Amino acid sequence: MSQLDLAMEAEISQRHLSFVESGRAAPSRDMVLLLAEQLAIPLRQRNQLLLAAGFAPNFSERPLGDKTLAPAMAAVEIVLKGHEPFPALAVDRHWNLVSANAAIAPFLADVAEASLLTPPVNVLRLSLHPGGIAPRIVNLQEWRTHLLERLKHQNDATGDAVLIDLERELRDYPSGLKSNRPTRVEPDGIVHPLRLAHGDTVLSFISTITVFGTPLDVTLSELAIESFFPADEQTRTVLVRLGKERAERS
């Protein structure tokens with residue numbers, strides 16, 4: 001976005017915006033928030049921007065267990081439970097597992113490195129670690145590239161030191177990708193699937209990401225639900241059968 005485009009979107013003069021950018025004019029609190037809104041800056045970074053401009057943060061940051069977040073966390077559990085018999089999980093800004101539904105079990109089978117399942121469970125580390133899910137991912141190179149691209153884009157937007165270290169760690173795993181070359185796209189493909197070996201069967205998934213639409217709390221704004229859907233009839237059949245078996249055991 002050019003300076004002129006930003007000025008027009010924010011409905012201010014380009015001259016004033018230029019003065020703010022060069023330090024010739026100090027922005028007001030409202031101006032900082034207005035520009036941050038137009039640039040779609042995450043809430044955490046908006047607070048940092050306010051502090052840099054000499055103002056107090058505007059958005060709260062509560063722990064997930066705070067009672068004021070209870071309605072939102074209840075909504076998360078409803079979404080996770082309602083997605084069964086298909087897998088779904090919720091993660092925080094560092095990709096640590098917050099919650100998951102019972103259908104996530106096939107993802108966690110045969111994890112060789114027990115420490116990967118010790119809380120806090122980092123789902124990216126669990127996915128790509130050679131002692132985690134990685135040996136069972138049939139299209140590991142494709143899926144690894146997809147996850148690393150997502151993480152890199154997140155790092156470009158936030159500059160989060162924890163995530164930068166995580167990206168470096170994941171790229172250093174055996175067979176880790178060092179470059180940022182795009183994943184080869186199949187001519188008839190519609191999404192990057194996850195293909196997971198489950199016994200003698202290969203389960204194929206597509207996924208969606210859900211976030212809260214109008215958050216005013218930093219923690220809540222960084223919470224994401226990833227829902228996995230069967231990409232073929234065989235996967236759907238297996239997941240439905242597994243769901244019925246869990247219901248019979250409970």
Side-chain angles (χ1 to χ4, degrees), residues 79-92 94-152 154 166-167 169-177 182-210 224-249:
V79 172
L80 296 178
K81 181 65 177 176
H83 194 62
E84 293 177 2
F86 308 138
L89 52 85
V91 295
D92 64 16
H94 290 146
W95 292 86
N96 291 324
L97 184 66
V98 172
S99 188
N101 65 14
I104 205 70
F107 285 76
L108 306 180
D110 302 321
V111 172
E113 179 56 59
S115 64
L116 295 171
L117 298 177
T118 301
V121 176
N122 186 277
V123 299
L124 293 187
R125 183 178 291 114
L126 176 62
S127 297
L128 300 183
H129 192 285
I133 301 173
R136 295 173 49 231
I137 300 178
V138 176
N139 59 332
L140 179 58
Q141 181 173 344
E142 177 186 11
W143 190 249
R144 185 195 302 274
T145 302
H146 163 65
L147 291 184
L148 290 176
E149 285 175 351
R150 282 172 62 180
L151 183 55
K152 182 180 185 302
Q154 187 177 357
L166 178 62
E167 182 183 354
E169 175 191 338
L170 299 183
R171 290 187 183 279
D172 284 341
Y173 285 168
S175 301
L177 302 178
T183 306
R184 183 174 64 87
V185 177
E186 295 295 335
D188 59 347
I190 59 171
V191 295
H192 291 301
L194 168 62
R195 303 189 193 283
L196 185 71
H198 181 69
D200 297 329
T201 305
V202 174
L203 304 180
S204 185
F205 298 94
I206 59 178
S207 66
T208 63
I209 303 293
T210 303
I225 299 173
E226 183 154 17
S227 304
F228 293 87
F229 296 83
D232 55 38
E233 192 56 38
Q234 173 180 261
T235 301
R236 177 182 295 275
T237 299
V238 170
L239 294 176
V240 169
R241 174 177 57 79
L242 293 174
K244 289 180 178 177
E245 290 175 357
R246 282 193 302 272
E248 291 171 356
R249 291 194 299 268

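Position 1 is the first residue of the sequence, and the numbers go up from there. These numbers come from a predicted model, not from an experiment.
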Residues that Lys81 engages under salt bridge (charged side-chain N to carboxylate O under 4.0 Å, His left out), provided they are two or more places apart:
Glu84

Can you find a heavy atom in the side chain of His146 that is under 4.5 Å from one in the side chain of Glu142?
no

4.5 Å side-chain heavy-atom contact, Thr210 and Val79
no

Could you state the interatomic distance from [atom1] ([X]) to [atom2] ([Y]), rounded to the nearest 0.5 Å?
X: Leu148; Y: Arg171; atom1: CG; atom2: CZ; answer: 4.5 Å
X: Leu196; Y: Asn139; atom1: CG; atom2: CG; answer: 9.5 Å
X: Leu116; Y: Asn122; atom1: CG; atom2: CG; answer: 9.5 Å
X: Leu97; Y: Leu124; atom1: CG; atom2: CG; answer: 11.5 Å
X: Ile225; Y: Leu89; atom1: CD1; atom2: CG; answer: 9.5 Å
X: Leu147; Y: Arg125; atom1: CG; atom2: CZ; answer: 13.5 Å

Flag, side chain of His94 to backbone of Asn96, donor-acceptor distance under 3.5 Å:
no

For the pair Arg136 (side chain) and Ala109 (backbone), establish whether a donor and an acceptor sit closer than 3.5 Å, ignoring hydrogens and angles.
yes

Evaluation steps, side-chain contact (heavy atoms from CB on, under 4.5 Å), between Thr237 and Arg241:
CA-CA 6 Å; Thr237 299; Arg241 174 177 57 79; 5.6 Å; no

Run Phe107 and Leu194 through side-chain contact (heavy atoms from CB on, under 4.5 Å) and show every step you take.
CA-CA 11 Å; Phe107 285 76; Leu194 168 62; 3.5 Å; yes

Do you know which two heavy atoms are closest between [X] and [Y], and how far apart they sit?
X: Ser204; Y: Thr235; answer: N-OG1, 2.8 Å
X: Leu239; Y: Phe86; answer: CD1-CD2, 3.6 Å
X: Ser207; Y: Glu226; answer: OG-OE2, 2.9 Å
X: Ala231; Y: Ile206; answer: CB-CG2, 4.0 Å
X: Pro135; Y: Pro130; answer: CG-O, 3.1 Å
X: Ser127; Y: Ile137; answer: O-CD1, 3.7 Å

Quick one: do Trp95 and Leu151 satisfy side-chain contact (heavy atoms from CB on, under 4.5 Å)? Show the steps, please.
CA-CA 10 Å; Trp95 292 86; Leu151 183 55; 4.2 Å; yes

Aromatic contact, Phe228 with His83 (centres under 6.0 Å)
no

Step by step, work out the side-chain contact (heavy atoms from CB on, under 4.5 Å) result for His198 and Leu242.
CA-CA 12 Å; His198 181 69; Leu242 293 174; 4.0 Å; yes

